[in-house]
Asks: 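Got a structure for you, written out below as structure tokens; questions coming shortly.
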Amino acid sequence: MTISTDEQDQTLEQSIRLVLNLLPQDRQAEPSDVVRGVDMIWGMQHSMGVALDKSLLLREIQSRIVVWQGEPVGLVDDRNHIEWLTEAEIERDWDFWGRYRRYLEDVRLMPPPVVRKLDSSTRRVLGHLEDPRRPGPWRRTGLVVGQVQSGKTGNFIGLAAKAADAGYKLIVILAGIHNSLRSQTQLRVDEGLLGFDTQYQNRYDENTNSAHIGVGAMPGAKRLKIASLTNSAENGDFRRDIAAKISLPIGDYPVVLVIKKHRSILEYVRKWIVEVNGELKSDGKTKVVREIPLLIIDDEADHASIDTSKDADTDPTKINAAIRHLLNSFEKAAYVGYTATPFANIYIRPNSEHDTFGLDLFPESFIESLRAPSNYLGPERVFGLSRGDDGNVAALPIFRPVEDYEHWMPPKHKKEWVPPEEMPESLVEAIHAFVLTCAARSARGQQRDHNSMLVHVTRLVNVQNRIHEQIDDYVALLRDRLRDTMGDQAKQVLAELRDLWERDFVPTTAQCDEDGSLTTAWDDVEEHLRPALLKIQVRAINGSSRDALEYYEHRKKGLSIIAVGGDRLSRGLTLEGLSVSYYLRASNTYDTLLQMGRWFGYRPRYEDLCRLYTTYDLRNAYAEITAADNELRGDFVAMSTMGATPETFGLRVRASSAGLAVTAPNKMRRGVKVRLSYSGELPETTTFNLRDDVVKENFDNLERFVRSLDQQGTATEDHASLVWKDVPPSDIVDNFLEGYVPDRGSYRVRPALIAEYVRRCAGVGELTRWTVRLVGAPRGEAFKIAGHTRIPVTRSRPKNHVDEPGRYTIKRVLSPADEGRDFPRDLYAKALEATRKARALKTEKPVEADAVKVATGAPLRLLRPADRPLLLIYPIQHPDWTAEKQPPSLVGFAISFPFSEHPTETEYVVNEIWRQQGLDIDDEADDA
């Protein structure tokens with residue numbers, strides 16, 4: 001008997017639930033547990049005559065069970081905080097959370113370990129807030145840091161559910177600045193918290209059973225008292241007239257609002273609640289809400305919420321002021337920001353207060369860092385991570401360089417620009433790749449899943465609409481050509497698609513596919529091509545377009561979308577099933593770049609089909625911010641183990657060169673002084689300009705430096721290296737750093753900035769006795785440098801990294817063992833022990849004591865004396881060069897800086913120093 005696809009899907013989902021329920025709940029399931037559970041459920045279904053693909057069931061269970069997620073880490077300041085949650089968990093009902101948890105496990109089929117970590121992380125955040133029943137005035141502000149597209153929405157819905165259980169009566173969720181994101185967030189809240197579709201009802205007790213969705217549609221689900229004054233329609237934001245008409249009893253049960261970050265809407269909410277529930281303050285003029293505890297959840301908290309006014313004495317920017325005014329109108333208030341790029345929030349000045357609007361939104365109470373699950377496709381896996389003390393992650397082989405776009409989309413085009421009719425070959429290939437991906441996913445049994453392609457090449461709405469028309473015309477042409485099954489056009493299209501499949505997709509899948517389960521034959525792909533192409537729609541997603549991403553409405557059959565847009569696709573909005581991205585939209589602001597990376601997220605059983613078409617410059621910028629972001633997250637982990645507070649971490653970020661790299665100067669609090677510092681850092685060169693004049697200039701600079709070192713002292717041989725000791729800082733600055741030419745892609749290795757930092761530290765008695773190590777290899781073809789015979793080192797390339805012409809990239813220049821060679825034996829032993837402890841905190845599994853054999857990283861630099869930095873210089877053998885080639889090597893370097901004891905002596909005005917170094921990166925506003 002033939003059964004429908006719907007019945008097959010239902011059988012598979014039912015079987016997944018049954019197997020998951022059979023697995024151990026108190027420990028990570030072993031492979032034998034999984035096999036035993038699958039055998040049992042498959043046998044049960046088979047005995048009842050139900051057709052079930054056993055291998056598919058096994059893969060689905062494995063994809064959920066192998067997922068692990070680390071514990072969140074946090075910084076907390078518990079001043080004026082009273083612990084309350086342990087007792088409340090015993091005394092209060094937690095029905096909203098229980099319902100949401102069941103929904104995640106039984107309906108969304110989320111891996112049990114991830115649900116348990118969600119429970120743990122939301123409990124931690126709720127515990128940092130105040131008990132809503134606590135009498136008297138109180139205020140808590142915090143920040144939750146996740147990864148782009150990693151599940152932050154699911155986390156804050158879990159927090160909102162627990163807050164409703166605990167007794168918070170008004171929950172306001174700030175969901176971006178566009179209707180599309182607000183609507184998408186409201187729908188997620190409807191499903192996970194409210195249990196009803198807000199387009200049809202506003203409160204729990206309205207008798208519209210057909211409106212029950214998500215948690216409310218589960219068999220036996222409780223009808224919990226809750227209401228919303230916003231709905232999931234595009235125009236469903238808060239309106240005072242509707243709020244007055246519905247007249248909800250605020251304070252009796254939770255009321256949830258999902259609103260845009262718009263000054264007027266925030267003011268409407270504040271005035272409505274204050275007018276209805278406010279009481280006069282002692283001044284007899286202004287009102288405050290005393291007995292209704294407020295929770296504000298600010299999604300994308302670094303966007304629009306930051307006060308970017310230029311003068312500390314002026315009023316804050318409008319949205320920032322409106323959020324603060326709303327908080328300040330409640331005696332019992334909590335604010336929790338969610339973001340993947342928290343550095344702008346950390347630059348907020350603590351204790352900044354306004355007479356009307358109250359304190360700024362610095363997360364003074366806590367910062368929680370969420371670990372992404374192991375099945376998350378994040379920046380490290382997309383771009384690789386080849387620097388840091390223990391970071392070495394190979395990039396997925398999905399980057400495809402775009403070099404043919406400037407005639408079609410010039411970087412400095414205006415809104416009147418009309419792209420030529422002929423699209424770039426790279427865009428045509430990207431569209432073909434999307435068609436192949438849709439067909440391949442269908443061949444793999446994912447016919448009902450959503451598929452999305454992102455085209456983000458301009459911020460201008462008019463130009464976006466013209467591109468939409470071009471792509472729509474081309475997709476229609478492809479359909480027509482494939483319909484002609486008897487003619488040559490269909491054969492030609494099929495030949496082009498097969499060629500792309502065999503030269504690109506087949507080898508990429510082979511690299512990603514460990515067990516052969518993803519291998520898909522061309523005949524299977526071809527069978528699904530025509531229906532996949534017929535399903536594709538092209539949508540313009542921008543401020544003037546009526547197109548919308550109707551994933552929910554098409555959840556049963558799946559939607560295939562090519563989304564053309566700009567800013568509306570850059571922040572928060574989720575593109576379901578995103579597989580192919582064509583991205584040219586430049587931004588020099590790192591946190592903006594990361595947020596534009598809609599390609600991060602979860603790609604179960606189709607990671608190998610994903611493609612990122614972009615420029616070399618953008619790829620390199622993403623790799624750079626990935627390294628800086630990873631470094632600061634590492635600092636966060638280290639400082640959390642030391643019991644640091646958000647304010648002390650803020651000081652560290654504001655001092656770090658990584659911190660300065662990741663956000664726009666206008667978010668750094670009006671160009672005030674910050675401490676640009678390399679304290680405790682290890683700047684190292686990993687990209688090199690291969691232009692002959694640059695390579696020669698750097699080699700000549702090194703030769704002059706070595707001669708100057710020889711004039712001052714005799715070098716000693718150590719581990720195939722030349723070592724000079726007690727070198728004064730002036731020699732380091734004048735004879736090496738100021739003459740070194742970095743690659744333009746080395747955003748953080750700026751010799752001029754490093755030189756200025758050295759000068760300032762030397763002025764307070766630090767960094768005064770340098771050790772210089774010219775590192776060589778023990779074997780190989782030698783060359784001469786300033787009279788010394790040296791053998792250049794070799795360095796491995798990042799796996800799957802594609803260099804643009806004229807540039808050479810390596811994993812790391814530092815050999816970790818070199819960083820501690822100048823340490824005395826007793827100090828080195830302490831550094832090794834500290835390195836082992838730090839490594840154990842970063843990993844999920846226990847680390848054997850002897851597994852870490854080299855002292856390196858921040859633990860070593862903490863023990864490095866403040867006056868004894870280390871400069872490591874590496875002549876590097878390019879694989880295509882011979883000893884006869886002049887100059888005979890590239891020149892790379894790393895500096896191991898001790899932690900400074902005088903950080904206040906190294907201050908800069910941010911905008912000024914960035915301007916001086918050609919790094920002024922103020923991002924222009926987006927018109928889309």
Asks: Listed by chain and number, what are the salt bridge (Lys or Arg N to Asp or Glu O under 4.0 Å) partners of Asp237, not counting sequence neighbours?
Replies: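 Once residues adjacent in sequence are excluded, the partners of Asp237 under the salt bridge (Lys or Arg N to Asp or Glu O under 4.0 Å) criterion are Lys260.
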Asks: With His528, which residues qualify under ring-ring contact (aromatic ring centres under 6.0 Å, His included), at least two apart?
Replies: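 With sequence neighbours excluded, His528 shows a ring-ring contact (aromatic ring centres under 6.0 Å, His included) to no residue whatsoever.
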Asks: Below 4.0 angstrom, N of the basic side chain to O of the carboxylate: do Arg466 and Glu469 qualify?
Replies: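 Salt bridge between Arg466 and Glu469, a charged N being under 4.0 Å from a carboxylate O: no.
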Asks: List in chain and number order the residues that pass side-chain contact (heavy atoms from CB on, under 4.5 Å) with Val506, two or more places apart in sequence or in another chain; answer none if no residue qualifies.
Replies: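 Only Trp501 meet the side-chain contact (heavy atoms from CB on, under 4.5 Å) criterion with Val506.
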Asks: Run the side chain to side chain donor-acceptor pair (under 3.5 Å) test on Ser232 and Gln199 for me, step by step, so that the C-alpha distance in whole Å, both residues' side-chain angles and the decisive distance to 0.1 Å come before the verdict.
Replies: CA-CA 6 Å; Ser232 59; Gln199 292 195 43; 3.1 Å; yes
Asks: Less than 4.0 Å between a side-chain N and a carboxylate O, is that true for Lys152 and Asp299?
Replies: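 Answer for the salt bridge query: no.
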Asks: Within the side chain of Thr230, is there an N or O that forms a donor-acceptor pair under 3.5 Å with the backbone of Val258?
Replies: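 Present.
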Asks: Taking the six-membered ring of Tyr613 as reference, does the NZ or CZ atom of Arg400 fall below 6.0 Å from its centre and within a 45° cone about the axis?
Replies: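 Cation-pi check for Arg400 and Tyr613: fails.
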Asks: Return the set of residues passing side chain to side chain donor-acceptor pair (under 3.5 Å) with Asp480 (not counting sequence neighbours), or none when no residue passes.
Replies: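 Scan of Asp480 (side chain to side chain donor-acceptor pair (under 3.5 Å), adjacent residues dropped) gives Arg483.
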Asks: Measure the NE2-NE2 distance between His450 and His554 for me, rounded to the nearest 0.5 Å.
Replies: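 That separation rounds to 9.0 Å.
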Asks: So, using salt bridge (Lys or Arg N to Asp or Glu O under 4.0 Å) as the criterion, who are the partners of Asp499 when residues are at least two apart?
Replies: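 Listed in chain order: Arg503.
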Asks: Would you please name every residue forming a ring-ring contact (aromatic ring centres under 6.0 Å, His included) with Tyr405, sequence neighbours left out?
Replies: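 In terms of ring-ring contact (aromatic ring centres under 6.0 Å, His included), with neighbours along the sequence ignored, Tyr405 is linked to no residue.
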Asks: Go through the structure and list residues passing side-chain contact (heavy atoms from CB on, under 4.5 Å) with Arg498, not counting sequence neighbours.
Replies: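 Applying side-chain contact (heavy atoms from CB on, under 4.5 Å) to Arg498 gives Glu502, Trp522.
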Asks: Has the side chain of Trp417 got a donor or acceptor atom that lies under 3.5 Å from a matching backbone atom of Asn462?
Replies: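 It does not hold such a pair.
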Asks: Can you name the residues that form a salt bridge (Lys or Arg N to Asp or Glu O under 4.0 Å) with Arg479, not counting sequence neighbours?
Replies: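 Salt bridge (Lys or Arg N to Asp or Glu O under 4.0 Å) list for Arg479, sorted by chain: empty.
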Asks: Take Ser121 and Asn155, measure what side chain to side chain donor-acceptor pair (under 3.5 Å) needs, and give me the verdict at the end.
Replies: CA-CA 8 Å; Ser121 63; Asn155 190 283; 3.0 Å; yes
Asks: Taking the six-membered ring of Phe505, is the NZ or CZ of Arg611 close enough (under 6.0 Å from the centre) and on axis enough (within 45°)?
Replies: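 Output yes; distance and angle both within limits.
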Asks: Step by step, would you call Tyr582 with Ser426 a side chain to side chain donor-acceptor pair (under 3.5 Å)?
Replies: CA-CA 9 Å; Tyr582 190 86; Ser426 57; 2.8 Å; yes
Asks: Tell me, please, which residues at least two apart from Arg444 pass salt bridge (Lys or Arg N to Asp or Glu O under 4.0 Å).
Replies: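 Listed in chain order: Asp608.
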Asks: My understanding is that only residues two or more places apart in sequence, or in another chain, count here; which of them pass side chain to side chain donor-acceptor pair (under 3.5 Å) with Arg619?
Replies: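 Only His801 meet the side chain to side chain donor-acceptor pair (under 3.5 Å) criterion with Arg619.
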Asks: Please check this pair: side chain of Ser442 against backbone of Cys438, looking for a donor-acceptor N/O pair closer than 3.5 Å.
Replies: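 It does not hold such a pair.
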Asks: Between the side chains of Thr458 and His413, is a donor N or O closer than 3.5 angstrom to an acceptor N or O?
Replies: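 Yes, His413 and Thr458 have a side-chain donor paired with an acceptor closer than 3.5 Å.
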Asks: Where the side chain of Thr614 meets the backbone of Tyr583, is there a donor-acceptor pair that is under 3.5 Å apart?
Replies: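 Confirmed, Thr614 side chain pairs with Tyr583 backbone.
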Asks: Under the side chain to side chain donor-acceptor pair (under 3.5 Å) rule, collect the residues that match up with Glu403, sequence neighbours excluded.
Replies: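 If we apply the side chain to side chain donor-acceptor pair (under 3.5 Å) test to Glu403, skipping adjacent residues, there are no hits.
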Asks: Under 6.0 Å from the CD atom of Glu425, do we count more than 12 heavy atoms belonging to anything else shown?
Replies: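 It does not: Glu425 CD has 12 such atoms or fewer within range.
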Asks: Quick one: list whatever passes side chain to side chain donor-acceptor pair (under 3.5 Å) with Gln489, sequence neighbours left out.
Replies: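 Per chain and number, Gln489 pairs via side chain to side chain donor-acceptor pair (under 3.5 Å) with no residue.
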